[in-house]
Amino acid sequence: MDDVFLDIIRFIRKVYGTQGVIPLHEPRFIGNEKEYVAGVIDSTFVSSVAGKVEEFEKAVAKYTGSRYAVAVVNGTAALHLAMILAGVRSGDEVITQSLTFVATANAIRYTGANPVFIDISEKTLSLDPEKLEFFLKKNSTVKLENGKKVCYNRLTGRRIVACVPVHTFGHPALIDELMQICDQYGIAVIEDAAESLGSLYKGKHTGTLGLMGVLSFNGNKIITTGSGGMILTQDKDIAIRAKHLSTQAKINHQWEYIHDEVGYNYRMTGLQAALGLAQMENVDYFVRRKRALFYQYKEFFDKIKDVEIFEEPQFARSNYWLNVILLENLKFRDNFLKLSHTQGIMTRPAWRPLHLLDIYKDCQRMDLTVTEQYYSRMVCLPSSVVV
Ligand SMILES: *Cc1c(COP(=O)(O)O)cnc(C)c1O
């Protein structure tokens with residue numbers, strides 16, 4: 001297998017045209033970034049007062065087809081606010097996947113709620129609708145309270161308020177199926193679209209289908225604001241509340257400081273928004289280049305027995321944020337990780353599944369066979385845009 005691994009490494013070097021270190025994912029600043037950021041510095045409105053944040057929100061709303069978009073300091077904060085806005089309270093439960101970045105579960109925990117882990121689908125690497133339905137049928141009851149469906153976990157007696165599918169590595173989840181099941185049980189869907197800007201589900205942008213969707217503009221995502229995030233929603237009241245909560249819940253007044261609830265200092269800054277506006281001008285180009293990179297990888301891996309590359313399902317157009325290969329088993333995975341790192345190529349395994357971390361090991365979960373098997377076989381390949 002080592003020969004095959006060396007071939008893969010040679011191929012990655014050819015793609016990126018360098019003998020130096022190849023990172024997993026680096027940002028590309030090939031447009032108006034410097035000009036726009038300098039413009040904000042010159043204006044002195046570096047925080048959130050000037051119009052840059054609204055401009056950036058409009059640009060992302062337009063691109064994603066979302067009615068509303070509220071920019072915040074990072075994707076984790078966006079997830080935290082989304083939980084609060086979906087009505088998640090201390091002692092509630094929120095369903096999500098174990099195969100995700102830790103921020104998904106942390107945001108649930110910030111509210112005092114408990115994550116519940118459901119297995120993923122091999123087709124999407126996101127929540128498996130059939131397994132979700134199986135879990136809810138077996139473990140929950142729905143009660144009508146004030147004319148609204150409220151789902152209770154029969155084992156714990158807690159409310160199951162929300163469900164957070166992740167568009168893992170940029171690949172769209174089976175949103176229609178997941179939404180249909182959640183609707184039936186009175187559970188709100190919050191899409192963790194942190195990785196999937198530019199990815200479409202049946203022609204619609206990921207993050208615009210659930211009650212809310214959350215984007216991240218961290219330095220390793222497809223576009224970046226240094227650090228940043230956004231809540232997408234089609235619901236005007238939620239959008240207004242999101243902005244209110246993200247700005248210390250301050251009431252509009254010409255001079256007085258009046259706050260009507262305990263808010264957060266989560267608003268994005270003008271500097272971040274300016275960088276984001278320049279990045280958004282190239283987002284279509286980035287998606288095109290990333291898809292081209294996937295096809296380059298695919299052509300190569302199609303000729304290699306025993307190594308599979310993950311491909312978008314038919315209903316989706318993925319942004320291919322990170323390209324993922326599946327090796328035969330854990331031993332091969334670790335050998336390849338070791339070899340590529342000694343050669344200066346920053347490959348990565350998938351995140352350690354959250355139910356295997358000490359901080360989340362006591363959470364309720366169903367059988368997570370696919371999660372564990374895929375984790376032990378997956379390697380993420382360098383996926384920066386090749387300009
Ligand atoms: C990056 C990421 C986040 C968090 O975004 P930050 O902007 O880094 O806070 C949340 N969920 C997933 C799946 C992510 O990849």
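Residue numbers start at 1 and run along the sequence shown.
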Student: Between the side chains of Asn114 and Glu93, is a donor N or O closer than 3.5 angstrom to an acceptor N or O?
Tutor: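 There is no such pair (donor and acceptor under 3.5 Å, judged by atom type) between the side chains of Asn114 and Glu93.
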
Student: Do the ring planes of Phe310 and His171 sit parallel (below 30°), tilted (30 to 60°) or perpendicular (above 60°)?
Tutor: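 Phe310 and His171: tilted rings.
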
Student: Salt bridge check: are Glu261 and Arg241 linked by an N-O gap of less than 4.0 Å?
Tutor: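 Salt bridge present between Glu261 and Arg241.
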
Student: How are the rings of His355 and Phe117 set to each other: parallel, tilted or perpendicular (split at 30° and 60°)?
Tutor: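 Judged by the thresholds at 30° and 60°, the geometry between His355 and Phe117 is tilted.
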
Student: Students often mix this up, so state it plainly: with edges at 30° and 60°, are the rings of Phe5 and Phe336 parallel, tilted or perpendicular?
Tutor: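 Geometry flag for Phe336 against Phe5: tilted rings.
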
Student: Relative to the ring of Trp255, is the ring of His253 parallel (under 30°), tilted (30 to 60°) or perpendicular (over 60°)?
Tutor: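 Because their plane-to-plane angle is over 60°, the rings of His253 and Trp255 count as perpendicular.
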
Student: Salt bridge between Glu133 and Lys131, side-chain N to carboxylate O under 4.0 Å?
Tutor: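 Between Lys131 and Glu133 there is no salt bridge, as every charged N stays at least 4.0 Å from the carboxylate O atoms.
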
Student: Measure from NZ or CZ of Lys52 to the centre of the six-membered ring of Phe45 and say whether it is under 6.0 Å with the direction within 45° of the ring axis.
Tutor: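 No cation-pi geometry.
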
Student: Check side chain to side chain contact (heavy atoms under 4.5 Å, CB included) between Asp306 and all other residues, then give those that pass, not counting sequence neighbours.
Tutor: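 Listed in chain order: Met1, Glu328.
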
Student: Is the cationic atom of Arg333 (NZ for Lys, CZ for Arg) positioned less than 6.0 Å from the six-membered ring centroid of Tyr375 and within 45 degrees of its normal?
Tutor: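 The answer is yes, since Arg333 meets both limits relative to Tyr375.
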
Student: Is the closest side-chain donor-acceptor distance between Asp237 and Tyr68 under 3.5 Å?
Tutor: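 No, because no side-chain N or O of Asp237 sits under 3.5 Å from a partner of the opposite role on Tyr68.
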
Student: Looking at Lys298 and Glu311, is any side-chain nitrogen of the basic one under 4.0 Å from a carboxylate oxygen of the acidic one?
Tutor: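 Yes, Glu311 and Lys298 are salt-bridged.
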
Student: Please determine, by modelled atom types, if Gln97 and Asp128 share a side-chain donor-acceptor pair under 3.5 angstrom.
Tutor: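 Result is no, nothing qualifies.
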
Student: Kindly write out the residues that satisfy side chain to side chain contact (heavy atoms under 4.5 Å, CB included) with Leu200, not counting sequence neighbours, or none if the list is empty.
Tutor: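 Partners of Leu200 under the side chain to side chain contact (heavy atoms under 4.5 Å, CB included) test: His205, Arg317.
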
Student: Under 3.5 Å, is there a donor-acceptor pair between the Thr269 and Gln272 side chains?
Tutor: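 Indeed, the side chains of Thr269 and Gln272 share at least one donor-acceptor pair under 3.5 Å.
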
Student: Going by atom types alone, do Ser227 and Asn218 pair a side-chain donor with an acceptor below 3.5 Å?
Tutor: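 Not at all, the side chains of Ser227 and Asn218 share no donor-acceptor pair under 3.5 Å.
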
Student: Under a plain distance cut-off of 3.5 Å, with no hydrogens placed, do Asp235 and Thr233 share a side-chain donor-acceptor pair?
Tutor: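 Distance-only check fails for Thr233 and Asp235.
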
Student: Would you please classify the geometry between the Trp321 ring and the His25 ring as parallel, tilted or perpendicular, with 30° and 60° separating the classes?
Tutor: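 Answer is tilted, since the angle falls between 30° and 60°.
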
Student: If we check side chain to side chain contact (heavy atoms under 4.5 Å, CB included) with Val164, which of these qualifies: Thr104, Val214, Val189?
Tutor: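 Going through the options one by one, the only one that passes is Thr104.
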
Student: Is there a donor-acceptor contact under 3.5 Å linking the side chains of His167 and Asn319?
Tutor: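 No.
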
Student: So, Asp176 and Tyr201: side-chain donor and acceptor under 3.5 Å apart, yes or no?
Tutor: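 Yes, because at least one side-chain N or O of Asp176 sits under 3.5 Å from a partner of the opposite role on Tyr201.
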
Student: With sequence neighbours excluded, what pairs up with Glu195 under the salt bridge (charged side-chain N to carboxylate O under 4.0 Å, His left out) test?
Tutor: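 Salt bridge (charged side-chain N to carboxylate O under 4.0 Å, His left out) list for Glu195, sorted by chain: empty.
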
Student: If you look only at pairs with a residue in residues 263-288, which of them pass as a salt bridge (Lys or Arg N to Asp or Glu O under 4.0 Å), with sequence neighbours excluded?
Tutor: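 As it turns out, the salt bridge (Lys or Arg N to Asp or Glu O under 4.0 Å) pairs with a partner in residues 263-288, which skip direct neighbours, are Glu54-Arg267, Glu57-Arg267.
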
Student: Under 6.0 Å from the six-membered ring centre of Phe29 and within 45° of its axis: does the NZ or CZ of Lys34 meet both?
Tutor: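 Cation-pi check for Lys34 and Phe29: fails.
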
Student: Once side-chain hydrogen bond (donor to acceptor under 3.5 Å, both in side chains) is applied, do any residues pair with Thr208, and if so which ones, sequence neighbours excluded?
Tutor: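 With sequence neighbours excluded, Thr208 shows a side-chain hydrogen bond (donor to acceptor under 3.5 Å, both in side chains) to no residue whatsoever.
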
Student: Side chain to side chain contact (heavy atoms under 4.5 Å, CB included) with Leu357: which residues, sequence neighbours excluded?
Tutor: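 In terms of side chain to side chain contact (heavy atoms under 4.5 Å, CB included), with neighbours along the sequence ignored, Leu357 is linked to Val102, Arg352, Leu354, Ile359.
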
Student: Is it true that Asp92 and Arg158 make a salt bridge, defined as a side-chain N closer than 4.0 Å to a carboxylate O?
Tutor: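 Salt bridge between Asp92 and Arg158, a charged N being under 4.0 Å from a carboxylate O: no.
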
